[in-house]
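The structure appears below as structure tokens.
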6 protein chains.
Amino acid sequence: MNAVPRPAVAPDPLAAWRLTDAPWYTPQADEVEVFEAAHARRLPVLLKGPTGVGKTRFVEHMAWRLKLPLVTVACHEDLGAADLVGRWLLEADGTRWQDGPLTLAARHGAICYLDEIAEARADTTVVLHPLADNRRLLPIDKRNELVAAHADFQLVVSCNPGYQSFERSLKPSTRQRFCALSFAPPRPEHEQQIVMREGGVEADVAERLVALAARTRRLRDEGLEEGASTRTLVHAAQLIGQGLSPRRACDLAIVQPLTDDPALAEALQGLVDACWP
Amino acid sequence: MNAVPRPAVAPDPLAAWRLTDAPWYTPQADEVEVFEAAHARRLPVLLKGPTGVGKTRFVEHMAWRLKLPLVTVACHEDLGAADLVGRWLLEADGTRWQDGPLTLAARHGAICYLDEIAEARADTTVVLHPLADNRRLLPIDKRNELVAAHADFQLVVSCNPGYQSFERSLKPSTRQRFCALSFAPPRPEHEQQIVMREGGVEADVAERLVALAARTRRLRDEGLEEGASTRTLVHAAQLIGQGLSPRRACDLAIVQPLTDDPALAEALQGLVDACWP
Amino acid sequence: MNAVPRPAVAPDPLAAWRLTDAPWYTPQADEVEVFEAAHARRLPVLLKGPTGVGKTRFVEHMAWRLKLPLVTVACHEDLGAADLVGRWLLEADGTRWQDGPLTLAARHGAICYLDEIAEARADTTVVLHPLADNRRLLPIDKRNELVAAHADFQLVVSCNPGYQSFERSLKPSTRQRFCALSFAPPRPEHEQQIVMREGGVEADVAERLVALAARTRRLRDEGLEEGASTRTLVHAAQLIGQGLSPRRACDLAIVQPLTDDPALAEALQGLVDACWP
Amino acid sequence: MNAVPRPAVAPDPLAAWRLTDAPWYTPQADEVEVFEAAHARRLPVLLKGPTGVGKTRFVEHMAWRLKLPLVTVACHEDLGAADLVGRWLLEADGTRWQDGPLTLAARHGAICYLDEIAEARADTTVVLHPLADNRRLLPIDKRNELVAAHADFQLVVSCNPGYQSFERSLKPSTRQRFCALSFAPPRPEHEQQIVMREGGVEADVAERLVALAARTRRLRDEGLEEGASTRTLVHAAQLIGQGLSPRRACDLAIVQPLTDDPALAEALQGLVDACWP
Amino acid sequence: MNAVPRPAVAPDPLAAWRLTDAPWYTPQADEVEVFEAAHARRLPVLLKGPTGVGKTRFVEHMAWRLKLPLVTVACHEDLGAADLVGRWLLEADGTRWQDGPLTLAARHGAICYLDEIAEARADTTVVLHPLADNRRLLPIDKRNELVAAHADFQLVVSCNPGYQSFERSLKPSTRQRFCALSFAPPRPEHEQQIVMREGGVEADVAERLVALAARTRRLRDEGLEEGASTRTLVHAAQLIGQGLSPRRACDLAIVQPLTDDPALAEALQGLVDACWP
Amino acid sequence: MNAVPRPAVAPDPLAAWRLTDAPWYTPQADEVEVFEAAHARRLPVLLKGPTGVGKTRFVEHMAWRLKLPLVTVACHEDLGAADLVGRWLLEADGTRWQDGPLTLAARHGAICYLDEIAEARADTTVVLHPLADNRRLLPIDKRNELVAAHADFQLVVSCNPGYQSFERSLKPSTRQRFCALSFAPPRPEHEQQIVMREGGVEADVAERLVALAARTRRLRDEGLEEGASTRTLVHAAQLIGQGLSPRRACDLAIVQPLTDDPALAEALQGLVDACWP
């Protein structure tokens, strides 16, 4: 009786983006210390490197270490500023503003990770400018609001220098707002460890897969767009674990995904044959 | 009286996508075992091969074997991320979110089959990335929701390497997320069996149609875009079953659909004449 | 009194598309039997041929013979999948779904005739794929509905091979789903009969018009885009019936519509002069 | 008392498009008879000719003679089918359909005049096809309605062959649905009469203006896009009537509008000087 | 008591566009008389000339002289017909039509001035056609309304022949609807007077600025896009009035705005040095 | 009792855009005086110069000095006039107009700063024209409103001449409305002071960083798009302050952000090695 409804405690708007399990990650070099230094000054960070090299996993690891929510946006050529900043939704009782992922992160304090930023539309990178320099402001023109970034907010973006055409590269005025960290494929011993752990195979099989991957990467000079990533090795290992022969598993997880070109496929097949003669 | 309305049992949102009849399919090689191995680890699968070779039928067969609903999306150059993920619909009492086919499959556990994925817009493939790696997440930016894929969810896509121009090919960062399985036209005895069964003709007629198809495939060097698929043979057989002469049936089901070029049409007609002199 | 409102009988949603008068049509060859054979198996049919050759009239004739409603869509380069499948309309009490012409035909059982399909946008042809093979399904992604085609539904499309540029041609994966029937301009006696009947002129005048048309068709080598169709002859005959001189009528109905080029116009005028010296 | 509200007489939906004053027009040749012949059979009419030659005035004259309302649409490159056919408007109590100008004319019986049809988008011409052949039907896909044209409806379009690039020309399947009537600039005596009547000048001034126009038309070989139209002569005459000198009036109404090129302007000025030395 | 609400007097819909202060303008030649002659017959007027030459000021002056409201629209490449004619706005109680600036001027009687008309989209110029000939009609297709222009309405447009590429030039069918008036940069004494009056400097400074401008205009042959306009001289004068040195003022108002090219900037600087050695 | 609700005092619509802390800025030359002179006459100002040179900081400084709110808009290629001027929002009780940032500044009196104006769409620059000349008017066509700029309003824009392609450069009719102020990279002593203050390092480290930057700027001839900006030096200093070695800090803050090209990266690395041998 006479009960007064208790004011609801505002739910954590970033709850869904807090990592509940520690992502498995073994550092390759000083990337963890460097990221922590940049984070201490809240400098925006740009991760450069080829596909499958672990950039996304690294950001997950850092968010876990720093105990921060992680809001990830996969960029593409139709991604515009409104997709990041937010939009008006029409509701029964008028329009309602919905924060986009960037605003969500800036307002409430998360790492916002824009994967393959160079793919996004031009207005996307420009909207980052006032947020990526000492102003740390996000102007939301559509509602005449100026969001001052939360103290915990940090901006992280990635790009793959191997892909980008000139038109798709970031402008200097964007790039120079970031500290940039270069990622290379893992060293063989390191890659073997990943394949064993995530692919569930013995050291001998993992070693052969890693050797195979290294050889495929040398085929770039013959026209192969990109060599086998660690991810494809893990796939091959998993298929072997399901009972497929190593040669069949490598065909499915490595040769066929890497190319449609018959000549390159044959060359890749030759490399597989050499590993499992 | 006093009857309390029973809480409605939530209807199965995937009911319409469960297969009720077993699709007829005879394996050509080890494709069933390979798919099952990939499925056991929920690895995304890419089916490569020319038109009419049975990729769609194979996915239907596997969905039936694995007792999973099958959500199929035919991709085209105007298909964007919103078409897959979902959109806000305006209703009398405000906007209502409607899951797109990909979200439906990811949320409730189905095989999602994206046919001719390379035809879709760039944002479509990018939306698959977090769903196609070990994260198995589908971020729905438009409602700030992060859908963790159902344990039964599996992603299958197809492409036709013969068509794709360079701009329309998948990026390595997309391809390397998939295990890829190559499909070729069926072997003659196998194809003959299909034509007899689906076209309802005797062995002799089916054999001639299969021989004819093999010859049309050799005309690709003279400029024919693609040879007669098994589907066209079934059509010809069905028309023969309706009382048309084999030559007229082949003209309607094979020669005319394959080309508008008078010279190529004449060459195809010559092949028909050779089969039914 | 005590009258209980009778449940309304659902009105026939295809009433407007049932033909009330038999369209006049005289077959040129075996096209009626061939279409009936394809219809018996519900195979999709592609009509190939130049403008004004009677493709549309033939489909009307077949719909009349088969006692089926006929839903016709004239394709153009802005016609997209939504135009065929349907869309959400905003009503006073929320959004209401409206079936597009293709859905209407598939759901309730009609012949759906897509005129000049190659002109439509790419998504249009892709939406036909599951409907044009043995699945006979129309997935409506926008409302997560999977329409199984009505037993009476049949798909008919037309194209004009003379026009199509390479970009505008149908892909093999589309073409091979259809039986194709080639239409040529009518034979002279046949064309004369049409001109007499529809143009209301005597045999002599009709014969001269047919002869004139035949000669204009030979001007294609000199750069005329297309020769005079039977339709233009009917127009000329009708104008003669209104009292214009044959030469003036031919100028209005044939020469001026066929070309804007002065040299070609003069050549056409010369052909008219030769018919009515 | 007891008055029963009389059913409202539906207002004439074409009232605004009925001509209240007879447009002044003197025929150049047999164009009135020819149009009447085409109208008697309701054949669609295409008016061909350069700018300012009186095509629009002629259609107004014919609508007046035939006592029909005239709905005119000036085509441009952004004009699409929806602009002609109609669209759904959102009202307080749901959406309301509004007929476009073509539907208005077809439904209630008017001449519909599409000026410079070749400028319109491709979907515009395709929407005319079923209306411009013996079917006389206008399918409104957006509301699943099939409008049978009113008995009084007639379609008239115009184009300017001098402008059109190849991409912007009408397809044969469109052109051959029309009877085509060619318009040329008026003969000198005729043009003089127009200039006197509409420009309000004496015979001598009108004669000089007509002679000047004829000479400007010969400058097309030197690069002038189009010679002076009758309209520009009327403008010059009107300015003379306002007290400007003939030379100044010709500069304003003829020389400056015809070109921005200094050399061509000088050549035109020379022609003016020759008329009023 | 018993007071009956007086019918509201409709507010003047053009109130905001009536000029309250006489714009300062000294005629260069007979442009005022010529404009008045064209206005007397309501002929549409085209003003041709380079930037900053006073076209806009002249129209303001004429509107003031003729005591007419002036509705100005600055055209750009995204300006379409709807922006000029009007659009449906969604209100609480349904949609409401809002006249665009052209309709506002045509309906209620104003000079409508479309600045740099050649920049607008093609549909924009076409919408002017029936308004710019003797019909003086504005068809509003979107609401099936035909607006007859108010007796006071006059159409004025401007273009800059120096800029326009071929694609961006007006079509003859548009141009020949207008009387065209050419504007050139003011004569030196005239320009000096303007600079003194608007820039607030002595005759000597104004004279030097005018001489400087004349020299910059000769640099067009060396690649300067356009010479210094009168506007830039007024700016320089105003900065001098604020205490900057003439050389610094000329750098800010003339040299820097005119070019980004170092060589051209140096050449301009040299001209400044010559004026203030 | 009887309390009459006090009329609410209208809140300051520009409150969020008033600077609360003085931005740190040391003038390089006479830019403060020059800006004040232009501001006194409310002349629009164009800031020209490369990225990271302090243009944005300078505008903040001037807004602070002049005690004016500062509304900043980062321009991009999808920014159109509506984004600056405002738009209609649909609310529960009809549409509501929302001023865009330019209207907000013009109506209530702020400095409006459009960063990298040349990136915006063409309609954006045209909307500035009547606001950037002596009229100081902003016509809002969408609501038929004519906003007279507030006495405090001033327009400031920036561009980077180094970037702009020809298509992206401002038209003379736009440029000549502005006074233009050129910014160059700071002088070494000045830059060193900034790095010490903002980067928190000793004079010696700052001096080396400044020397390094000067050398990178000379690499533009070898293909480096732009040399290290002051901002990157501050980043390097901050990382050094976090305990990273100067060489590692320079790699992260300078070498990696400046280029993806291996040869250029090596050259930059060489310059770093020379500074910290």
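The shown structure was predicted, so the numbers you read here are calculated from the model rather than taken from an experiment. Sequence lines set the chain letters: A, B, ... in the order given, protein chains first and strands last, and positions in each chain run from 1.
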Supply the atom-to-atom distance [X] [atom1] to [Y] [atom2], rounded to the nearest 0.5 angstrom.
{"X": "Leu252(F)", "Y": "Leu43(A)", "atom1": "CG", "atom2": "CG", "answer": "10.0 Å"}
{"X": "Trp17(F)", "Y": "Asn144(A)", "atom1": "CH2", "atom2": "CG", "answer": "4.5 Å"}
{"X": "His235(F)", "Y": "Cys179(A)", "atom1": "NE2", "atom2": "SG", "answer": "6.0 Å"}
{"X": "Thr232(F)", "Y": "Arg177(A)", "atom1": "OG1", "atom2": "CZ", "answer": "12.0 Å"}

(request) Look at the side chain of Gln238(F) and the backbone N and O of Arg41(A), then say whether any donor-acceptor pair between them is shorter than 3.5 Å. (result) no
(request) Check for a donor-acceptor pair, side chain of Arg175(A) on one end and backbone N or O of Gln256(F) on the other, with a separation under 3.5 Å. (result) yes
Part of [X] within contact of chain A (heavy atom distance under 4.5 Å):
{"X": "Ala228(F)", "value": "backbone"}
{"X": "Leu258(F)", "value": "both"}
{"X": "Leu244(F)", "value": "side chain"}

Might you point out which heavy atoms bring [X] and [Y] nearest each other, and give the distance in Å?
{"X": "Ala37(A)", "Y": "Gln242(F)", "value": "O-CG, 3.6 Å"}
{"X": "Thr259(F)", "Y": "Lys48(A)", "value": "O-NZ, 2.9 Å"}
{"X": "Gln176(A)", "Y": "Gly227(F)", "value": "NE2-O, 2.9 Å"}

(request) For His150(F), enumerate each residue passing the side chain to side chain donor-acceptor pair (under 3.5 Å) test, keeping only those at least two apart in sequence or located in another chain. (result) none
(request) Would you please go through residues 55-74 of chain A and name the residues with a non-hydrogen atom below 4.5 Å from one of chain F, in numerical order? (result) none
(message) Heavy-atom pairs under 4.5 Å with chain F: which of Thr124(A), Thr125(A), Leu46(A), Val126(A) has the most?
(response) Val126(A)
(message) For chain F, which candidate among Leu137(A), Val45(A), Asp30(A), Asn134(A) shows the most heavy-atom pairs at distances under 4.5 Å?
(response) Asp30(A)
(message) I'd like to know if Arg248(F) pairs up with Glu33(A) as an ion pair, taking the criterion as any Lys NZ or Arg NE/NH1/NH2 lying under 4.0 Å from an Asp or Glu carboxylate oxygen.
(response) no
(request) For chain A, find which of Ala253(F), Ala16(F), Pro101(F) contributes the most heavy-atom pairs closer than 4.5 angstrom. (result) Pro101(F)
(request) Please determine which of Glu226(F), Glu225(F), Glu119(F) meets the side-chain contact (heavy atoms from CB on, under 4.5 Å) test together with Lys171(A). (result) Glu119(F)
